Amino acid sequence: GPQSYQNLFLQRINPQYDNTVYGGNLIEDHVYSRAPGKLAPQAPILQSNYHSAPQVAPAIQFNGVAAANGGPLGTLSPNPYGQGFPQLPIPQPTQDPASLGCGQAPGFCPKSRYRSYDGSCNNLNNPGLGIPQTRYNRLLPAKYGDGISTPTMALSGNPLPSARAVSFSMYPDIPIEDPIWTLNAMQYGQIITHDMSMIVGSTQTQPHATRCCSPDGQLLDLANSPEHCFPIVVPQNDPAYSQQNIRCMNFVRTITDKDRRCIGDHQPAEQLTAVNSYLDLSIVYGNNDQVNQQVRLFQGGRLISEQRNSQEWLPRNPNATGACTLLDINEPCYLAGDTRVNQNPQLTVLQTLLLREHNRIASVLASINPHWDDETIFQEARKINIGQHQQISYYEWLPIFIGLDNSLKNKILWRTQGYVDDYDPTVNPSVLNEHANAAFRFFHTLIAGQLDLVSERRNSYGNIRISDWFNRPAILEQGNSFDELTRGLGTQPELAADAYHDREITLNWLRQPGQPLGQDLKAICIQRNRDHGLASYNDYRSFCGLPKASSFQDFLDVISRDNVERLATLYEHPDDVDLTVGGSLETIIPGTLAGPTFLCILTEQFYRTRVGDRFWFENSGETGFTQQQLAEIRKSSIARIMCDNGRGVRAMQPRAFERISQSNAVVPCEALPVVDLSLWKDLKGGSSHIPSAGFGTSDYYFKK
Ligand code: HEM
């Protein structure tokens, strides 16, 4: 039963593990700077002392559960910001561009209380870490077909089974609702994803401009095929696409540091990510100064918004016809910090709520601090919005996905009222390729194909079909749809974390108006796994502490017999099974939404995202909040964000990632905890102790 899987997982602790080796520095951390063939040590994710972190203030009640990791109040870890030049035992980064992909590290770091937009200078020792257009990080070296850059092959040298064949064989559409969690939990997951990474070279919202198939869905011969093509071959016996005589699904490879000529010919390619890695609401504020300027009003600290139908909307995208799939030229198409903002209606709802939340905070700050200038209001509102987002992402959302106990044991969550101060400049915050392009994508399983429109009394008015509205946010401005979709997020269950996927995702992704079928997102994700040359499922099993399988039978410890048999039919060898596939078939560990291998990868990523962020909201010092302000930020909730920013949303259940129930009943908005912004009243007068972002100051911390 599932219990025994959990035991198995808990037992896989490597006693040889040495914290000082793996907790190691960011250069060691990157596989390409390791000696060839030397793999990363195993990561015993559930070992309670896995990550060293400072002791924090005495344990307190957290969501009604007794404390686990709080210890006696100890000394806080040094915050490098407050100490002038940091003196840290970290090697200087290699200065050749390969260490950073093509993203350019700035020449110096201005002294600032606030984050930069692109994430540069977050790490003062290595100011380019985590910035856009840099490489994903990896836990295990790539396994490209040619060892350098071509897609993964079977051990035998044959091609792997068609990604589409794997998709339709392994992931049928059997709609099972999640018994506990709402669609909001799924949707906030996509917000977190978009905040952290984006493969370079695709829009993730529209058909790619490069066409690797003929217009009627046939394979092009290799010679005529554009560069970077890796089309998905649709088998003749396909249950759906064969009826339309489609044999080819478009797929364009991700741009790598090799494509950009950042590295030498004989080094393996690494994919680039287009956004900064930090959990910093870059989806709202942009990933660089230029985009930030496009979304800012430069008045009252506000973001640009448009008022229609007495509601506040994201600004219009100046390139609406290019950016959205519009049926009518007058339909709205929005502009935000992230280019994927229009991808699906519920994503756009959350992006809109986060914009409104910024402007709501800015209005309050402006009224209590009339002497503050635009820049100060903007940066302080941004900092509060990001703090709330980190609180909600980690303390409210993350325990659902990777488990509360697991998060506490691994020092990803803390039960404390005080600061945590676990910033570790030796941790590389770059997003792991295995995380973004295999493990985290598993949650596509949670997507529901129909979105409920829900009244204030929590009755459903009906629903919309998601594939009618991909990349077409017009639905939000029709009637009261925005509030109905907002309530729907908090009312409709997400689909269960299992191997079943809604056909809106496996057959109708990017379905064009009037067409019977679209694309198969699951097949695309399997193909992406191969495009990125991720090591195999079996490699990650052993990396994460499960026994390495020598036969398909050996997968039975965590995968059902039916699915192991299907795998054995599709793949030639157990070592050929893609990480994306094997990981998604594992039995879910109770109290989480993932199986052991994905849980291991997700846990590692969310640890790094937290402790690798100098501006993490629970850190003290000049970049942090005061103790009292932090206590307020900790009261924030996704329920209150929806309440405060939906025009007609007057009530919400307190835990809005969780389905409505007797113990989580809908209550009036005013009954929900609120962040008291009066704590940001500037009592000293003048803005002198809140310096503006101050770029251009001669006072800087880092010089190359
Ligand atoms: C309706 C909802 C969603 C849609 C339509 C959607 C669609 C997509 C598409 C088209 C891609 C790019 C595929 C490629 O070309 O390789 C993608 C990537 C991804 N998706 Fe989703 N997705 C949704 C929800 C989610 C959720 C809920 C999560 C996780 C909780 C998630 C996690 C990811 C991740 C991690 C990536 C890769 C990000 C990167 O480029 O680094 N997605 N998704």
Side-chain angles (χ1 to χ4, degrees), residues 132 134-137 163 181-208 210 228 230 232 249-255 271-277 283 338-340 342-350 393 397-398 400-402 430-451 464-467 469-472 489 494-495 497 501-502 504-506 508-511 518-532 534 580 584 593-594 598 601-602 605-606 657:
T134 57
R135 301 144 64 119
Y136 286 93
N137 201 351
W181 311 115
T182 61
L183 207 53
N184 204 15
M186 176 283 287
Q187 199 53 64
Y188 211 82
Q190 196 182 24
I191 287 283
I192 294 171
T193 295
H194 289 186
D195 194 334
M196 290 168 63
S197 66
M198 176 173 174
I199 46 175
V200 170
S202 95
T203 62
Q204 303 196 6
T205 57
Q206 284 161 305
H208 203 286
T210 302
H228 298 309
F230 179 35
I232 298 170
M249 202 180 298
N250 201 38
F251 185 97
V252 184
R253 299 195 65 188
T254 304
I255 303 295
Q271 288 67 34
L272 301 178
T273 170
V275 303
N276 88 51
S277 297
I283 54 165
D338 188 79
T339 54
R340 294 161 288 189
N342 300 298
Q343 191 209 55
N344 71 76
Q346 294 290 33
L347 173 68
T348 317
V349 166
L350 288 185
S393 299
W397 181 90
L398 196 58
I400 299 168
F401 282 70
I402 71 166
S430 303
V431 172
L432 297 164
N433 214 325
E434 298 91 344
H435 168 82
N437 296 301
F440 209 11
R441 292 185 184 217
F442 169 59
F443 299 121
H444 288 147
T445 176
L446 309 177
I447 296 169
Q450 318 290 322
L451 307 176
I464 58 168
R465 182 181 179 191
I466 196 169
S467 67
W469 302 97
F470 284 136
N471 209 25
R472 196 186 156 218
L489 278 176
E494 65 184 15
L495 295 190
H501 283 65
D502 197 295
E504 286 292 279
I505 284 302
T506 54
N508 292 309
W509 162 240
L510 289 186
R511 187 174 58 83
Q519 299 180 14
D520 176 351
L521 181 58
K522 192 70 200 181
I524 291 172
C525 291
I526 296 166
Q527 194 83 338
R528 194 63 72 195
N529 175 132
R530 299 170 183 177
D531 168 27
H532 290 205
L534 298 182
T580 296
S584 72
L593 296 182
F598 281 172
I601 295 168
L602 295 163
Q605 180 62 56
F606 284 110
F657 292 139

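When a ligand or atom number is given, it counts from 1 through the structure's own listing order. This is a predicted model, so every value here is computed, not measured.
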(Q) Checking the N or O distance criterion of under 3.5 Å, is ligand 1 in contact with His435? (A) no
Q) What do we get for Phe401 next to ligand 1 when only non-hydrogen atoms under 4.0 Å count, side chain, backbone, both or neither? A) neither
Q) Can you name the residues that form a salt bridge (Lys or Arg N to Asp or Glu O under 4.0 Å) with Asp531, not counting sequence neighbours? A) Arg253, Arg528
Q.
Please give me the protein atoms (N, O or S only) lying under 2.8 Å from atom 21 (Fe) of ligand 1, ordered by chain and number.
A. His444 NE2
**Q.** Arg465 and Arg511, any side-chain heavy atoms less than 4.5 Å apart
**A.** yes
Q. Counting from 1, what ligand 1 atoms have a heavy atom of Ile466 closer than 4.0 Å?
A. 1 (C)
Q) Distance only, no hydrogens: is a donor on one side chain within 3.5 Å (strictly under) of an acceptor on the other, for Gln519 and Asn250? A) no
Q.
Return the closest protein heavy atom for atom 10 (C) of ligand 1 as residue, atom name and distance.
A. Trp509 CZ2, 3.1 Å
Q. What protein heavy atom sits nearest atom 8 (C) of ligand 1, and how far away is it?
A. Gln343 NE2, 3.6 Å
Q: Quick one: do Gln190 and Gln346 satisfy side chain to side chain donor-acceptor pair (under 3.5 Å)? Show the steps, please.
A: CA-CA 10 Å; Gln190 196 182 24; Gln346 294 290 33; over 6 Å; no
Q | Contact (N/O only, under 3.5 Å) between Gly189 and ligand 1 | A | no
Q: Could you tell me which non-hydrogen atom of Ala436 sits nearest to which non-hydrogen atom of Val431, and how far apart they are?
A: CB-CG1, 3.8 Å
Q) What residue and heavy atom of the protein are closest to atom 16 (O) of ligand 1, and at what distance? A) Arg528 NE, 2.7 Å
(Q) Would Thr273 count as a contact residue for ligand 1, given that I'm defining contact as a non-hydrogen atom of the residue lying under 4.0 Å from a ligand atom? (A) no
Q: Under 4.0 Å from a heavy atom of Tyr136: give me the atoms of ligand 1 that qualify, with their elements.
A: 39 (C), 40 (O), 41 (O)
Q.
Quick check for you: to the nearest 0.5 Å, what is the distance between Leu398 atom CG and Ile192 atom CD1?
A. 7.0 Å
Q) Which ligand 1 atoms, with their elements, are less than 4.0 angstrom from a heavy-atom of Met186? A) 27 (C)
Q) When you measure from the side chain of Ser467 to the backbone N and O of Trp509, does any donor-acceptor pair fall under 3.5 Å? A) no
Q. Is there a side-chain contact between Ile232 and Ile526, using heavy atoms and a 4.5 Å cut-off?
A. no
Q. Rounded to the nearest 0.5 Å, how far apart are CE of Met198 and CZ of Arg340?
A. 5.0 Å
Q. How many angstroms lie between atom CG of Asn471 and atom OG1 of Thr205, to the nearest 0.5 angstrom?
A. 4.5 Å
Q) What residue and heavy atom of the protein are closest to atom 1 (C) of ligand 1, and at what distance? A) Asn344 ND2, 3.4 Å
Q | Worked check of ring pair (Phe, Tyr, Trp, His ring centres under 6.0 Å) between Phe606 and Phe440 | A | CA-CA 11 Å; Phe606 284 110; Phe440 209 11; 5.7 Å; yes
Q. Which of the atoms in ligand 1, numbered in the order shown and given with their element, are less than 4.0 Å from a heavy-atom of Ile524?
A. 13 (C), 14 (C), 15 (O), 16 (O)
Q: Mind checking whether Gln187 contacts ligand 1 via backbone (N, CA, C, O), side chain (CB onward), both or neither, at a 4.0 Å heavy-atom cut-off?
A: neither
**Q.** Heavy-atom pair of closest approach, residues Pro345 and Trp469
**A.** CG-CB, 3.6 Å
Q: Apply the test side chain to side chain donor-acceptor pair (under 3.5 Å) to residues Thr580 and Asn529: give CA-CA distance (whole Å), side-chain angles for both, the deciding distance (0.1 Å), then the verdict.
A: CA-CA 7 Å; Thr580 296; Asn529 175 132; 2.8 Å; yes
Q) Under 3.5 Å, N or O to N or O, is Ser197 touching ligand 1 that way? A) yes
